[in-house]
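What follows is one structure encoded as structure tokens, with my remarks underneath.
Convention: sequence-line order gives letters A, B, ...; per-chain numbering from 1.
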Number of protein chains: 2
Amino acid sequence: MIADKIYAAFEEASQRNTRPRKLIAERLVELAQSGADFTIDDLWQELREGEPHLGRATVYRSVEMLVNARLLDRIEFADGSHHYRVCGGNHHHHHLTCIRCHRVVEVDVCLPVDQFAAIGNQTNFDIEGHSLTLFGRCEDCRTAKM
Amino acid sequence: MIADKIYAAFEEASQRNTRPRKLIAERLVELAQSGADFTIDDLWQELREGEPHLGRATVYRSVEMLVNARLLDRIEFADGSHHYRVCGGNHHHHHLTCIRCHRVVEVDVCLPVDQFAAIGNQTNFDIEGHSLTLFGRCEDCRTAKM
DNA sequence: ATGCATGCAAACCATTTGCATATCC
DNA sequence: GGATATGCAAATGGTTTGCATGCAT
């Protein structure tokens with residue numbers, strides 16, 4: 001069903017059902033199951049093992065579509081690097097990332113809703129969105145020497 | 001006094017009181033007063049008017065020191081661009097940015113503290129920090145045609 | 001057959017780095 | 001005088017773009 005959503009997103013964003021997109025979708029389904037996060041380069045390298053001519057740009061273009069379709073979350077690290085993660089695209093959530101290994105975990109915390117309204121009034125902005133990321137150190141990295 | 005803090009930060013980060021740093025500090029004091037946010041390139045261009053040989057790298061290096069000293073806040077936009085803002089380095093706050101004009105406003109909202117502890121327990125992470133940014137549309141941009 | 005998506009390579013752009021020189025102490 | 005910050009230019013790294021070709025429809 002996550003697979004269906006991905007295919008649906010591709011179909012909606014454009015019109016052709018191509019081999020590269022199939023490969024990307026398949027890999028993303030696996031990544032969705034493991035809950036793992038990845039960089040664009042990770043994804044490209046992995047896909048290239050089975051399809052040496054697959055272009056980097058194709059991966060960028062596909063990922064962009066899926067981010068727009070809210071099927072992938074883009075996570076920004078303090079060092080400027082980006083990771084991605086398959087997210088059902090359903091419930092509202094944010095991320096907690098490990099400072100050391102860059103692992104990403106979904107979390108449900110958020111600001112109380114009335115806060116948004118209050119800020120809107122106070123500043124005279126229409127609040128349209130927000131991003132919240134927590135930083136920490138995961139169990140493994142805490143145990144590791146440094 | 002913000003000026004003092006900036007000089008103190010430079011002194012602490014290294015040892016020399018150079019002309020480029022003086023110029024940077026002066027400009028930042030002005031920017032602190034107006035509360036305006038800026039990009040590194042903005043800053044460089046402005047400084048270059050009075051000091052044509054000032055190097056871009058010098059600005060990058062100085063800004064980095066001041067960000068580390070918590071005198072400048074780095075704000076990331078969704079499009080990946082970075083803006084900076086002089087912040088006293090005192091009270092905890094976050095930012096509200098205008099989607100259209102990129103104006104930046106400080107806000108005091110934050111997660112309730114107990115939430116952090118809860119998430120820490122739940123995920124087995126040591127929570128060390130967080131970033132929260134609100135996105136919206138400011139009054140001017142709402143009135144503007146698009 | 002038509003035209004969109006791809007692959008490739010070059011272009012981009014912000015940022016970093018190496019190094020000779022100028023500057024500060 | 002000796003060391004460090006600077007300026008410059010080149011390198012970097014992630015991402016985007018232009019274009020000829022291939023492939024899905």
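- The distance from atom CH2 of Trp44(B) to atom P of dT16(C) is 15 Å, rounded to the nearest whole Å.
- Whole-Å rounding puts the Asp41(A) CG to dT16(D) P distance at 14 Å.
- For Glu30(B), the salt bridge (charged side-chain N to carboxylate O under 4.0 Å, His left out) test picks out Arg27(B), with sequence neighbours left out.
- Thr58(B) places no side-chain N or O within 3.5 Å of a backbone atom of Leu54(B) that could act as its donor or acceptor partner.
- Rounded to an integer number of Å, the gap from Gln45(B) CD to dC13(C) P is 14 Å.
- Checking side-chain atoms of Arg137(A) against main-chain N and O of Ile99(A) turns up no donor-acceptor pair under 3.5 Å.
- His82(A) has its NE2 atom 16 Å from the P atom of dG13(D), to the nearest Å.
- A donor-acceptor pair is defined here as one N or O able to donate and one able to accept, closer than 3.5 Å; such a pair exists between the side chain of Arg21(B) and the backbone of Arg16(B).
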Summarise how protein sits on nucleotides 5-12 of chain D as a single string, 5' to 3': B when a protein heavy atom is under 4.0 Å from the base, S for sugar-phosphate-only contact, - for no contact.
SBBB----
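- Put simply, the side chain of His93(A) gets close to the backbone of His91(A): a donor and an acceptor are under 3.5 Å apart.
- Rounded to whole Å, the distance from CG on Asn17(B) to C1' on dT4(D) is 13 Å.
- Both Lys22(B) and Ile40(B) sit near DNA chain C, but only Ile40(B) has its closest nucleotide nearer the 5' end.
- Residue Tyr60(A) has no polar side-chain atom (N or O) positioned under 4.0 Å from OP1 or OP2 of dT16(D).
- Of the residues listed (Thr18(A), Asn17(A), Leu66(A)), the one engaging Phe10(A) in a side-chain contact (heavy atoms from CB on, under 4.5 Å) is Leu66(A), and it is the only one.
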